[in-house]
**Q** 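First the structure, which I've put down as structure tokens, then a few questions once you've had a look.
A note on names: the letters A, B, ... follow the listed sequences, proteins ahead of strands, and every chain is numbered from 1. All heavy atoms count here, side chains included; hydrogens, waters and symmetry mates do not.
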There are 2 protein chains.
Amino acid sequence: MYISDRVRPSCTECPIRHRAVCARCDEDELAILDNIKSYKSFKAGEPILWRGDELTYLASIVSGVGSLGKTMEDGRIQMVGLLFPSDFIGHPGRAQIEFDVVAVTDVTLCCFKRKPFEDLVASTPHVAQRLLEMALDELDAARDWMVLLGRKTAREKIATFIEMLIRRQSLSDPSSEALKVVLPLTREEIASFLGLTLETVSRQLGAMKKEGILHFSDRRQFEVADFDALHIATGDDADGGPLF
Amino acid sequence: MYISDRVRPSCTECPIRHRAVCARCDEDELAILDNIKSYKSFKAGEPILWRGDELTYLASIVSGVGSLGKTMEDGRIQMVGLLFPSDFIGHPGRAQIEFDVVAVTDVTLCCFKRKPFEDLVASTPHVAQRLLEMALDELDAARDWMVLLGRKTAREKIATFIEMLIRRQSLSDPSSEALKVVLPLTREEIASFLGLTLETVSRQLGAMKKEGILHFSDRRQFEVADFDALHIATGDDADGGPLF
DNA sequence: ATACATATTTGATCTAAATCAATGCAGCTG
DNA sequence: CAGCTGCATTGATTTAGATCAAATATGTAT
């Protein structure tokens with residue numbers, strides 16, 4: 001199975017502190033980060049930030065899964081990203097956030113005070129470069145997701161989503177059995193992520209179960225029994241770029 | 001009408017050289033950039049880069065309009081961005097490009113040799129920071145576009161697209177009459193950008209003409225006669241974030 | 001002008017997925 | 001254990017937009 005080494009190669013380094021950012025930091029820089037950090041926890045379902053909120057902190061996810069999304073005036077929701085451990089929240093250099101951040105499962109964040117963090121970015125070129133790399137990875141991932149939203153069928157969306165979950169799960173826990181998948185999201189949340197409705201998600205998962213591609217042990221837990229069929233169903237070519 | 005000052009505020013500065021990157025460069029840095037730059041031109045319709053191409057240059061658009069997109073195995077195409085003057089092509093720190101770049105109109109690029117450009121980024125913190133800002137702007141724009149692709153109706157997509165064009169046109173040419181729009185794209189290209197088919201694009205434009213929202217002087221040129229109606233049709237709230 | 005290629009419009013039909021509407025199934029709580 | 005409450009499935013129906021199919025401009029080359 002294809003696992004990208006391009007997506008946040010540093011995310012298993014520096015496991016205790018703030019993995020995403022500090023990959024190349026020396027002890028002095030780590031000390032600064034430690035000084036301005038604090039941990040915060042959120043229960044599943046709780047909003048973390050709302051569109052337009054003033055950002056006094058930037059944060060990186062320590063544990064749990066969050067979502068980044070936008071709600072339209074009439075209530076339609078589109079998720080634009082899932083936040084896994086080591087993912088970053090907030091833009092250095094921006095005082096506001098443009099999207100809603102919600103805790104999907106219980107979430108723990110490592111928060112950095114914005115002002116001193118930005119000072120560190122300004123005075124430490126390799127941190128700026130690391131953040132640039134991360135932003136560019138996310139930009140590519142967002143664009144791949146645009147292809148999914150604009151052109152893929154329901155089946156292809158679901159298959160792609162499952163492949164992405166597998167990739168992210170084995171990245172954050174390389175010891176885990178690769179083909180056992182735990183869905184952190186409800187059908188409705190999956191639907192908001194894929195630009196579908198919850199019924200369509202349910203039907204497609206049901207169909208893939210009936211076809212023997214997935215073996216469910218529970219409504220939120222299954223094993224991929226036929227990875228080739230799953231991959232073919234994504235509509236991507238063999239080495240299709242990594243999504244998230 | 002709402003014009004964002006967040007989108008590339010520097011794009012009218014430094015008009016002769018390479019506006020996007022050099023906003024804060026001093027004369028020495030500009031000299032380095034001048035040294036490693038060269039101009040290249042492409043005719044409308046020509047491919048500029050293909051997915052997987054080795055990048056020996058990074059570039060910024062001087063004139064014309066380009067597109068960034070991905071083609072699926074079976075030929076389905078999704079554009080993931082339009083490239084206007086001052087937009088940047090290629091990721092510093094990446095040897096390959098993940099998307100197809102095509103000249104939509106005749107295009108002139110200002111190309112920088114990759115290696116020395118990356119050296120400049122590494123040794124010049126404010127350039128890295130500028131690139132980070134640009135990447136984060138594009139990331140927000142890409143995410144807003146995900147909302148469009150995942151949740152908006154055909155009508156909303158078209159209206160949003162026209163608003164975006166107005167914004168970009170008046171950014172690159174503030175003297176232009178804001179509500180006169182020249183479509184640089186064919187119906188088919190608009191469709192690939194919006195996740196629609198060309199017939200649907202044609203029908204929606206036709207309907208907006210009949211409803212008096214747009215006055216066409218030519219198939220590729222029209223005036224927005226009723227901006228409020230257009231904005232309402234986007235489905236965004238009043239101060240809806242800037243798209244591209 | 002004539003012919004040809006390329007965009008565009010317009011109409012008729014089809015279909016994937018949305019919507020509407022129950023019903024089923026866990027995990028909790030009292 | 002009975003009764004909620006919040007997911008999840010399943011079925012019937014509708015519909016926005018895709019697909020299929022001409023017809024009509026527009027532009028360019030001969």
**Q** Kindly give the heavy-atom pair with the smallest separation between Cys111(B) and Lys40(B), and that separation in Å.
**A** SG-CG, 3.9 Å
**Q** Starting at NZ of Lys152(A) and ending at C1' of dA18(D), how long is that distance when rounded to a whole Å?
**A** 19 Å
**Q** Using a 4.0 Å heavy-atom cut-off across all strands, classify Gly195(A) as base, sugar-phosphate, or nothing.
**A** sugar-phosphate
**Q** How long is the line joining CD of Glu188(B) and C1' of dT9(C), in whole Å?
**A** 15 Å
**Q** Looking for any heavy atom pair under 4.0 Å, which part of the strands does Arg155(A) touch: base, sugar-phosphate only, or nothing?
**A** nothing
**Q** Check this one for me: any side-chain N or O of Ser202(B) less than 4.0 Å away from OP1 or OP2 of dT8(C)?
**A** no
**Q** Send over the distance from Lys210(B) NZ to dT9(C) C1', rounded to a whole Å.
**A** 11 Å
**Q** Rounding to a whole Å, what distance do you find between Arg76(A):CZ and dA16(D):C1'?
**A** 13 Å
**Q** So, does the side chain of Glu189(A) form a donor-acceptor pair with the base of dC7(D) at under 3.5 Å?
**A** no
**Q** What's the closest nucleotide to the side chain of Ala154(A) if the choices are dA17(C), dT10(D), dT8(C)?
**A** dA17(C)
**Q** Send over the distance from Ile77(B) CD1 to dA18(D) C1', rounded to a whole Å.
**A** 17 Å
**Q** Scan Arg219(A) against the nucleic acid and name what it touches under 4.0 Å (heavy atoms): base, sugar-phosphate only, or nothing.
**A** base
**Q** Nearest to the side chain of Arg203(B), which nucleotide is it out of dT10(C), dG17(D), dA18(C)?
**A** dT10(C)
**Q** State whether Thr197(B) places a side-chain N or O below 4.0 Å from either non-bridging phosphate oxygen (OP1 or OP2) of dG17(D).
**A** no
**Q** Work out how much the helix from dA1(C)-dT30(D) to dG30(C)-dC1(D) bends between its end axes, five pairs an end, to the nearest 10 degrees.
**A** 30°
**Q** Identify the heavy atoms of Met79(A) and Glu189(A) that sit nearest to each other, and give their distance.
**A** CE-O, 3.6 Å
**Q** Return the orientation label for the Trp145(A) and Phe193(A) ring planes: parallel under 30°, perpendicular over 60°, tilted otherwise.
**A** parallel
**Q** Using every non-hydrogen atom in the two residues, find where Leu82(B) and Ser67(B) come nearest and quote the distance to one decimal.
**A** CD2-CB, 4.3 Å
**Q** Starting at CG of Leu230(B), measure out to CZ of Arg155(B) and round the result to the nearest 0.5 Å.
**A** 9.5 Å
**Q** Distance check needed: dT19(D) P versus Leu198(B) CG, whole Å only.
**A** 10 Å
**Q** To the nearest Å, give me how far apart CD (Gln221(B)) and P (dT26(D)) are.
**A** 14 Å
**Q** On a heavy-atom basis, which atom in Leu149(B) and which in Lys157(B) lie closest, and how many Å separate them?
**A** O-NZ, 3.9 Å
**Q** Measuring from the side chain of Thr186(B) (C-beta onward, heavy atoms only), which nucleotide among dA17(C), dA7(C), dA8(D) has the closest atom?
**A** dA7(C)
**Q** Taking the side chain of Glu199(B) as heavy atoms from C-beta outward, which of dA21(D), dA17(C), dT19(C) is closest to it?
**A** dA21(D)
**Q** Passes side-chain contact (heavy atoms from CB on, under 4.5 Å), Leu55(A) versus Leu49(A)? Steps please.
**A** CA-CA 9 Å; Leu55(A) 286 178; Leu49(A) 286 167; 3.7 Å; yes
**Q** Rounded to whole angstrom units, what separation is found between the CD atom of Gln204(B) and the C1' atom of dT8(C)?
**A** 15 Å
